[in-house]
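Notes follow once the structure below has been shown.
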There are 2 protein chains.
Amino acid sequence: MYDTTKPYIGEILRLIRETWETPFVSVRDGLLHKKFSYPDCQPEVDGIGTKGIFHWQKRSFEFAVEDALAMGLNDIILRRAVTYGILPHVFLPEDDHPAFLEIAACFVRECRKRDIAILNGESAVHNNMRGMEISLTVLGFVPAYKENRFRMGDILIGIWSNGLHSNGFSKVRELFGEEWREEFTAPTAIYSELLLDLNLSYDIHGLAHITGGAFTKLKRILPSDADALIIQNHKLDPHLIFHEIFLRGVRDEEMYVTFNCGVGFVISTNLNEASACVSRIQAQGYKADIIGRIVRGKGRVLIGSKFSGKEVEF
Amino acid sequence: MYDTTKPYIGEILRLIRETWETPFVSVRDGLLHKKFSYPDCQPEVDGIGTKGIFHWQKRSFEFAVEDALAMGLNDIILRRAVTYGILPHVFLPEDDHPAFLEIAACFVRECRKRDIAILNGESAVHNNMRGMEISLTVLGFVPAYKENRFRMGDILIGIWSNGLHSNGFSKVRELFGEEWREEFTAPTAIYSELLLDLNLSYDIHGLAHITGGAFTKLKRILPSDADALIIQNHKLDPHLIFHEIFLRGVRDEEMYVTFNCGVGFVISTNLNEASACVSRIQAQGYKADIIGRIVRGKGRVLIGSKFSGKEVEF
């Protein structure tokens with residue numbers, strides 16, 4: 001709960017109240033009135049992790065907010081849910097009022113665009129911490145439940161990432177030390193609107209957000225008698241920063257378990273729909289390609305590495 | 001979202017699934033099925049703050065979990081809400097599997113006692129942080145809405161705190177440096193069950209959880225033409241640690257704006273019910289006393305300091 005004795009909190013509360021009336025909910029008198037009759041999905045909570053060290057250094061608060069939203073919205077979309085509310089818990093290493101205010105304003109702007117209510121929040125000063133963190137809880141509802149699972153014969157479609165996104169930053173810091181690159185603060189792509197749209201138009205079977213655990217995430221939604229094959233020569237080439245990380249001695253396996261390597265999101269459809277689906281994604285301004293398929297096998301993910309050319313197996 | 005590539009997460013997921021069927025909700029297939037028809041309250045999010053430095057040092061994880069739950073449950077009860085679900089985001093400074101597991105087990109035990117579902121969660125390693133943190137989102141429903149506001153002539157009832165609770169730790173660390181006292185890891189009292197019961201039996205007008213901002217929190221629910229008077233000679237004497245903090249040079253005003261000074265929660269009732277209400281609280285094993293009243297005034301909180309005897313005004 002926002003501590004209203006802090007002087008800037010009144011301003012933050014004024015800002016977030018601008019999000020309290022949406023097509024989906026209305027927040028009044030401490031109650032959350034829902035205007036939908038669909039079931040809630042299991043909520044999600046996630047953070048931006050140690051990427052927050054770079055965001056704090058560079059004061060790239062707008063990108064930090066995008067990262068936090070992306071982690072939440074890209075996860076909840078796996079349940080085919082429409083996000084109606086969030087709760088951000090912002091940690092800064094000092095009581096920096098302009099920073100807290102700017103972060104709140106960014107959240108309000110991004111949420112108003114998407115009809116998301118900022119239901120509550122907390123700003124915390126952690127002087128025992130280097131860098132910032134944003135923990136974000138995301139609430140959504142599910143208009144139509146559908147299992148998230150790859151099916152035999154499915155075509156895998158990849159959607160290009162925006163770079164490192166918000167994962168693997170412990171490894172990045174191990175390799176680059178105190179060095180900063182522009183790529184370290186670039187925000188994570190938010191795929192949720194795109195995927196809500198695709199889900200209405202195509203029979204999407206499986207969805208995977210390539211974050212922590214990266215391509216091993218495909219295993220979660222893979223039938224035990226199937227393998228997921230990812231070909232080497234698809235068009236979603238890893239950004240230069242990934243090649244540089246590889247060249248600093250990270251092996252293929254670690255690359256594909258730690259980083260998105262250019263593929264931010266993977267979905268599957270049947271063969272008939274795959275090309276149309278790729279075109280639709282591209283028409284919405286995202287780079288996408290067919291990156292593989294689901295074949296008979298034994299629950300493995302097999303990837304033709306874009307780095308060495310070798311096959312990686314999980 | 002829990003990253004299932006971490007080896008201990010399977011065990012954590014197994015544990016939290018034990019909380020997915022309660023009298024209030026059922027979590028299945030990524031959906032949150034609600035068994036109640038009351039409106040949701042505005043959710044809350046809060047953390048244990050820099051008290052987590054001491055919890056990590058002493059590995060007092062059980063108390064850290066109680067602190068996190070107390071911050072959430074004692075806040076949401078201000079809306080007279082029944083908590084049905086939580087989402088913990090646990091930050092540790094290293095990837096300490098036994099610690100993550102113990103924390104999850106503590107949450108499960110405390111939640112099962114209270115029919116609370118652990119709807120999801122996240123475990124994060126922050127090697128840029130000294131100490132641990134738990135951010136907790138709390139969801140509840142409101143069986144019967146009632147405004148939270150003091151009324152003219154109300155009697156203020158205080159409920160004793162368990163010591164420092166989870167606030168004022170920046171000040172504590174400023175005064176005590178690296179020193180540790182048993183009081184620094186003692187858990188925050190959880191008042192939610194007590195207050196749900198009181199709310200059913202008595203006409204409770206105002207409720208205030210004395211945490212960040214301490215006694216200034218009374219101002220939020222005080223009519224502008226009234227003052228809240230807190231007498232000096234009530235029975236809820238500050239714990240020794242508060243006197244020691246005062247003796248280290250913290251002035252009365254700062255004591256009452258930073259610390260609970262022995263009073264963890266304040267409620268108000270009309271004069272007729274106050275004594276019976278105090279007896280009921282005591283019968284449930286909590287120390288309580290009448291600590292003041294609401295009189296005509298101008299929106300001030302006036303406190304007879306237990307430290308110097310002087311009057312403190314907010």
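Within a 6.0 Å radius of CD in A:E179, more than 12 heavy atoms belonging to other residues, nucleotides or ligands are found. Around atom OH of A:Y38, no more than 12 heavy atoms belonging to other residues, nucleotides or ligands sit under 6.0 Å away.
Interface remark: A:L119 contributes backbone and side-chain atoms alike to the contact with chain B (heavy atom separation under 4.5 Å). Using a 4.5 Å cut-off between heavy atoms, B:K219 makes no contact with chain A at all. Neither the backbone nor the side chain of B:F169 comes within less than 4.5 Å of any heavy atom in chain A.
Here NZ of B:K146 is found 15.0 Å from CG of A:D29. Values are rounded to the nearest 0.5 Å.
Using a 4.5 Å cut-off on side-chain heavy atoms (C-beta onward), A:R28 and B:Y145 make no contact. The side-chain heavy atoms of A:H126 and B:M129, taken from C-beta on, include a pair separated by under 4.5 Å.
Neither side chain, B:R173 nor A:N128, offers a donor N or O lying under 3.5 Å from an acceptor on the other.
By a heavy-atom distance cut of under 4.5 Å, B:E133, B:S135, B:T137, B:L139, B:V142 are the residues of residues 132-143 of chain B near chain A, going up by number.
In terms of heavy-atom proximity, B:P43 sits nearest to A:N120 at O-ND2, 2.8 Å. The minimum heavy-atom distance between A:H89 and B:D46, with the atom names listed, is CE1-C, 3.5 Å. Residues B:V45 and A:E122 approach most closely at O-CB, 3.5 Å, considering heavy atoms.
With respect to chain A, the highest number of heavy-atom pairs below 4.5 Å among B:T211, B:N127, B:N148, B:I76 belongs to B:N127.
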